[in-house]
Amino acid sequence: MQYTIKQIAEALGAESQGDLSVTIERAAEPADAGPSDLAMAMSPKYADALSAGAARAAVLWEGADWQALGLKAAIFVPRPRMAMAGITAMLDRGQGVEPGIHSSAVIDPTAEIGEGASIGPLAVIGARVRIGKGAIIGPHCVIGMDAVLGNDAVLREMVSIGARAQIGDRFIAQPGARIGGDGFSFVTPEVSGAENARKTMGDQGEVRAQSWLRIHSLGAVEIGDDVEVGANCTVDNGTIRNTRIGNGSKLDNLVHVGHNTRVGQDCLLCGQTGVSGSVEIGNNVVLGGQTGVVDNIFIGDGVISGGGTKILSNVPKGRVIMGYPGIKMETHTDIYKAQRRLPRLARDVEALKKVVSKLPPSD
Amino acid sequence: MQYTIKQIAEALGAESQGDLSVTIERAAEPADAGPSDLAMAMSPKYADALSAGAARAAVLWEGADWQALGLKAAIFVPRPRMAMAGITAMLDRGQGVEPGIHSSAVIDPTAEIGEGASIGPLAVIGARVRIGKGAIIGPHCVIGMDAVLGNDAVLREMVSIGARAQIGDRFIAQPGARIGGDGFSFVTPEVSGAENARKTMGDQGEVRAQSWLRIHSLGAVEIGDDVEVGANCTVDNGTIRNTRIGNGSKLDNLVHVGHNTRVGQDCLLCGQTGVSGSVEIGNNVVLGGQTGVVDNIFIGDGVISGGGTKILSNVPKGRVIMGYPGIKMETHTDIYKAQRRLPRLARDVEALKKVVSKLPPSD
Amino acid sequence: MQYTIKQIAEALGAESQGDLSVTIERAAEPADAGPSDLAMAMSPKYADALSAGAARAAVLWEGADWQALGLKAAIFVPRPRMAMAGITAMLDRGQGVEPGIHSSAVIDPTAEIGEGASIGPLAVIGARVRIGKGAIIGPHCVIGMDAVLGNDAVLREMVSIGARAQIGDRFIAQPGARIGGDGFSFVTPEVSGAENARKTMGDQGEVRAQSWLRIHSLGAVEIGDDVEVGANCTVDNGTIRNTRIGNGSKLDNLVHVGHNTRVGQDCLLCGQTGVSGSVEIGNNVVLGGQTGVVDNIFIGDGVISGGGTKILSNVPKGRVIMGYPGIKMETHTDIYKAQRRLPRLARDVEALKKVVSKLPPSD
């Protein structure tokens with residue numbers, strides 16, 4: 001792939017200056033950039049690194065003096081991360097997909113493969129599966145019977161799609177993602193200690209030891225358009241209804257979404273976040289890395305949780321939360337500051353007690 | 001699959017009323033139920049939803065007036081979740097397993113495959129492996145040499161079973177589960193900072209930078225009967241002895257069990273729980289989601305931990321714990337409440353200090 | 001495999017006594033040891049267990065009376081865990097690798113396979129991949145185009161190596177490890193609530209709902225020599241530069257390392273640890289299980305974190321930390337102790353307030 005500065009700037013809708021015919025093959029950090037690289041120098045802190053490298057062209061912060069920086073051409077962007085989306089999409093060299101269906105793939109004769117789709121080596125496609133146009137199914141993927149996958153999906157290697165999953169267009173799955181494992185749902189014949197402890201907040205009562213009976217997952221997973229799921233993450237089948245991920249939501253690596261849970265649109269679930277079963281998550285929710293969400297609660301639209309937050313109860317719309325348990329971030333910060341002073345506070349109270357004990361008794 | 005209300009009620013040992021010949025193909029949420037669905041309406045809160053749907057039959061809470069709800073037949077259950085176990089087992093449509101050994105599977109000639117077992121496409125079965133009767137080995141599973149898998153196992157796709165693993169009957173493994181990776185065990189030639197810091201609770205002393213030497217795992221994994229492991233979870237080989245999971249225990253997705261650890265019977269380890277090496281876990285233990293357990297401790301029978309608990313020391317039998325570090329849930333709640341009031345407490349102490357400082361000096 | 005006590009002692013550089021011609025096939029725990037097992041009894045607490053077993057030879061603590069313990073031969077080691085590294089390496093029976101390239105593997109004709117390398121069943125090797133001498137590629141591994149893997153690598157089954165990854169010698173990957181998934185990097189057209197909340201520590205301001213645009217990963221993963229990665233762990237591609245893991249570092253199961261992050265040399269990242277993107281981690285860092293690291297910070301050489309620590313800001317070199325947020329372990333312990341006394345402290349303050357309120361007014 002090779003682009004001129006003119007082509008890149010036009011694709012971004014960005015301003016450009018200098019020799020717009022300079023050609024670019026890759027993006028690079030300013031210090032590492034060679035003559036055919038586009039240096040990503042989007043803030044003044046990269047000025048020195050630019051000189052250290054050998055870039056002829058760069059993406060620069062607004063107002064930068066590209067000639068003084070020794071460049072032949074420059075692109076100016078008002079929101080650098082936004083420009084990254086466009087530039088990286090153009091320059092992505094991908095994983096090397098071959099067109100057509102690999103001869104080693106095991107495909108049920110009743111499966112329907114859309115026009116232009118690519119099925120990688122050793123993929124297994126079940127009965128009555130429907131795969132959309134232009135989809136790329138990586139090596140070693142397994143798609144269960146009756147699953148539907150939309151147009152232009154990109155599955156990296158070793159992705160699982162369980163039976164009856166319904167997935168929209170432009171789905172992206174990183175290696176080892178698991179859509180449609182069975183939900184984790186068990187029950188004891190009589191009330192269990194865990195049930196009691198939840199009700200009483202700590203007392204499991206007198207219960208006898210019991211074994212667990214399995215509740216099977218009759219539901220599947222339903223995923224909207226423009227969803228991405230990370231490497232080795234897991235989205236479980238629902239019990240009766242489907243588990244759902246809304247349009248535009250993105251799951252990072254090792255994220256877990258439990259059975260029946262509904263994730264709204266345009267959410268981000270960051271690395272290793274775990275959402276239990278039967279949770280309702282609104283739209284535009286951002287859960288920081290390693291967030292945990294207890295089962296059977298709701299999280300309103302636009303909620304944001306800081307990394308490591310454990311959400312143990314409903315969260316109203318728009319709230320920014322943090323901590324274990326997750327509470328309003330401002331409140332969390334206040335408590336945290338007070339905690340840091342807690343050893344001193346304890347000493348103050350001891351001192352006060354001594355002073356007060358020596359006071360003449362009030363009558 | 002199709003059942004009459006009579007058949008389902010009999011299988012559950014439950015009371016039924018109305019036209020017991022009504023036939024059912026699936027279970028459904030009350031509002032979504034069609035004429036051939038069994039509506040799951042096990043509490044009065046579903047009454048309205050029932051009317052919204054088109055179910056002819058439902059599983060109802062005790063005492064419900066099924067005729068007034070517009071139904072033709074009803075099943076009554078005293079413990080709804082328990083009924084779910086029976087109903088979902090009957091109506092599970094599964095993943096579409098084909099009988100016999102798929103021609104693309106790679107099976108060592110010394111492996112013994114039990115009667116009626118199904119081996120999916122592209123599975124790899126090592127030397128001297130023994131697989132029990134009626135087992136279902138999903139596509140892309142890999143079973144290492146000398147491993148033993150009991151009767152009626154169900155492995156979904158891409159499950160790993162390491163060499164020498166010994167697994168009982170009715171084992172269930174969700175996609176991507178890893179049984180028998182090597183334990184994470186390393187040592188430095190001289191005492192390391194981490195060893196010192198553990199002893200001193202915070203001081204790593206003066207240590208030189210060292211590289212890590214690997215301790216290999218000579219042990220394997222030993223799993224009892226009726227165990228289930230979730231998608232992408234990992235159970236490591238022991239160092240000298242085997243790592244063990246007792247009968248009836250269930251591991252959720254992305255759970256990690258370290259080398260040498262012994263999990264007792266009928267335990268539940270919920271999503272993303274991590275148990276370090278050489279831990280002894282008793283029977284009927286329930287660890288909530290994202291629980292962490294430090295190495296070389298024991299957790300007594302019947303212990304329950306709330307979600308997000310980090311268990312850093314031994315836990316006596318029967319205790320319900322929560323927090324980081326995990327302590328008795330009641331104590332945790334008390335401390336937590338006091339923390340919420342901490343900023344106010346600090347202000348009170350400041351006020352007291354002011355008042356007391358103005359008091360006439362005691363002599 | 002069979003070794004004499006003499007051979008084992010020499011390999012360890014350890015002192016031995018008794019009949020050095022006794023032969024050993026396996027290591028065993030003292031109580032389980034049979035006549036051809038080497039009992040691992042490295043501290044006096046194993047004395048009774050030794051008698052319970054049937055070992056003829058043992059590895060013993062310094063100064064142990066091997067004859068009184070009923071043994072025929074003994075090996076004495078000053079640092080037991082260190083001896084474990086040597087002994088377990090000798091006695092490891094492995095996973096049963098067959099030499100050569102399995103006929104079912106799918107190998108691009110442009111790939112270069114080093115001398116003596118073994119490629120397992122159904123592995124997929126992409127275009128221009130280079131695999132070093134003596135490497136073992138397990139069943140079902142997928143190696144993307146242009147990736148380079150050094151000499152003597154050992155990949156267990158179902159390991160992913162993304163396109164353009166560069167990996168050094170003696171690399172070990174446990175089942176399901178994912179090297180080179182795409183980074184989790186998204187941006188909204190306008191400033192998002194999450195961006196605001198980070199700046200203000202809790203206020204996301206007035207933002208409109210937006211969808212996420214994808215930033216592609218143009219970088220790859222670069223891994224040094226002697227690195228090991230655990231089962232189902234994930235190391236993501238960098239955005240512009242490569243994500244890097246330094247020589248000698250070890251990642252446990254289910255560990256996540258985000259895009260652009262650089263992990264130094266000889267680090268240990270324990271189970272389920274998650275490191276966000278663009279983190280700089282020094283050398284000889286040990287992160288306890290379930291540690292979380294926020295993005296764009298640095299962690300100095302020799303830092304140690306206790307299990308469950310959430311690292312939310314830069315950590316200077318040599319520090320031992322714990323907690324959420326992670327702070328100096330000693331400080332954390334002080335605060336924690338004060339917290340335990342917090343309910344009592346609150347009662348004390350209430351009592352003081354009562355006493356003080358009854359005092360005669362000052363001035």
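Remember, predicted model here, so these are calculated numbers, not experimental data.
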Below 4.5 Å from any heavy atom of chain B, which atoms of [X] appear? Answer side chain, backbone, both or neither.
{"X": "A:E195", "answer": "side chain"}
{"X": "A:V235", "answer": "neither"}
{"X": "A:A127", "answer": "neither"}
{"X": "A:V294", "answer": "neither"}
{"X": "A:V257", "answer": "neither"}
{"X": "A:T200", "answer": "neither"}
{"X": "A:R164", "answer": "side chain"}
{"X": "A:D108", "answer": "side chain"}
{"X": "A:T291", "answer": "backbone"}
{"X": "A:V191", "answer": "both"}

**Q.** A:S211 side chain to B:D266 side chain, donor-acceptor N/O pair below 3.5 angstrom
**A.**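 There is such a pair between these side chains.
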
Looking at [options], which has the largest count of heavy-atom pairs under 4.5 Å with chain A?
{"options": "B:L122, B:T333, B:N247, B:L352", "answer": "B:L122"}
{"options": "B:V349, B:V286, B:D301", "answer": "B:V349"}
{"options": "B:G138, B:P343, B:A346", "answer": "B:P343"}
{"options": "B:P78, B:G307, B:P175, B:S357", "answer": "B:P175"}
{"options": "B:H332, B:M329, B:E350", "answer": "B:M329"}
{"options": "B:G288, B:A89, B:A27, B:G271", "answer": "B:A89"}

If I compare all heavy atoms of [X] with all of [Y], which pair ends up nearest, and what's the gap?
{"X": "B:Y324", "Y": "A:Y324", "answer": "N-CE2, 3.9 Å"}
{"X": "A:A194", "Y": "B:I304", "answer": "N-CD1, 3.4 Å"}
{"X": "A:A197", "Y": "B:V320", "answer": "CB-CG1, 4.0 Å"}
{"X": "A:Q204", "Y": "B:G318", "answer": "NE2-O, 2.9 Å"}

Q: Look at B:K353 together with A:D348 and state whether they make a salt bridge at an N to O cut-off of under 4.0 Å.
A: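 Result for this pair is yes, salt bridge flagged.
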
Region of [X] in contact with chain A, defined by heavy-atom distances below 4.5 Å:
{"X": "B:I172", "answer": "side chain"}
{"X": "B:M90", "answer": "neither"}
{"X": "B:L38", "answer": "neither"}
{"X": "B:R156", "answer": "side chain"}
{"X": "B:L91", "answer": "both"}
{"X": "B:L254", "answer": "side chain"}
{"X": "B:T309", "answer": "both"}
{"X": "B:R340", "answer": "both"}
{"X": "B:Y336", "answer": "side chain"}
{"X": "B:Q265", "answer": "neither"}
{"X": "B:D92", "answer": "both"}

Q) Take atom CZ in B:F171; do more than 12 heavy atoms of anything else shown fall under 6.0 Å from it? A)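 Count over threshold, so yes.
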
(Q) Taking atom CZ as the centre, does B:R79 end up with more than 12 heavy-atom neighbours from other residues, nucleotides or ligands that are less than 6.0 angstrom away? (A)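 Count over threshold, so yes.
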
Do you know which of [options] has the most heavy-atom pairs with chain B at a distance under 4.5 angstrom?
{"options": "A:R178, A:M145, A:R198", "answer": "A:R178"}
{"options": "A:V207, A:T234, A:T331", "answer": "A:T234"}
{"options": "A:Q272, A:K337, A:R241, A:K310", "answer": "A:R241"}
{"options": "A:P189, A:G162, A:G176", "answer": "A:P189"}
{"options": "A:G144, A:A209, A:G258", "answer": "A:A209"}

Roughly how far, to the nearest 0.5 Å, is [atom2] of [Y] from [atom1] of [X]?
{"X": "A:S276", "Y": "B:Q290", "atom1": "OG", "atom2": "CD", "result": "8.0 Å"}
{"X": "B:M40", "Y": "A:T239", "atom1": "CE", "atom2": "OG1", "result": "11.0 Å"}
{"X": "A:D334", "Y": "B:Q339", "atom1": "CG", "atom2": "CD", "result": "13.0 Å"}
{"X": "B:L342", "Y": "A:L345", "atom1": "CG", "atom2": "CG", "result": "6.5 Å"}
{"X": "A:F186", "Y": "B:M84", "atom1": "CZ", "atom2": "CE", "result": "13.0 Å"}
{"X": "B:C233", "Y": "A:N232", "atom1": "SG", "atom2": "CG", "result": "11.5 Å"}

Q) Taking side chain as C-beta onward, heavy atoms only, is A:I240 less than 4.5 Å from B:R26? A)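 In short, these two side chains do not touch, never coming nearer than 4.5 Å.
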
Q.
Could you tell me if the side chain of A:F184 sits less than 4.5 Å from the side chain of B:L268, heavy atoms only?
A.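 They are in side-chain contact.
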
(Q) Using a 3.5 Å distance criterion without hydrogens, assess whether the side chain of B:Q95 forms a donor-acceptor pair with backbone atoms of A:A163. (A)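 Yes, the answer is positive, given that a donor and an acceptor are paired below the 3.5 Å cut-off.
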
(Q) Under the side chain to side chain contact (heavy atoms under 4.5 Å, CB included) test against A:H140, which residue among B:H140, B:E157, B:M158 passes? (A)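 Checked B:H140, B:E157, B:M158 against A:H140; only one passes side chain to side chain contact (heavy atoms under 4.5 Å, CB included): B:H140.
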
Q: Show your reasoning for whether side-chain contact (heavy atoms from CB on, under 4.5 Å) applies to A:D236 and B:Q174.
A: CA-CA 10 Å; A:D236 276 359; B:Q174 299 297 330; over 6 Å; no

Q: Show your reasoning for whether side-chain contact (heavy atoms from CB on, under 4.5 Å) applies to B:V255 and A:H256.
A: CA-CA 11 Å; B:V255 164; A:H256 166 61; over 6 Å; no

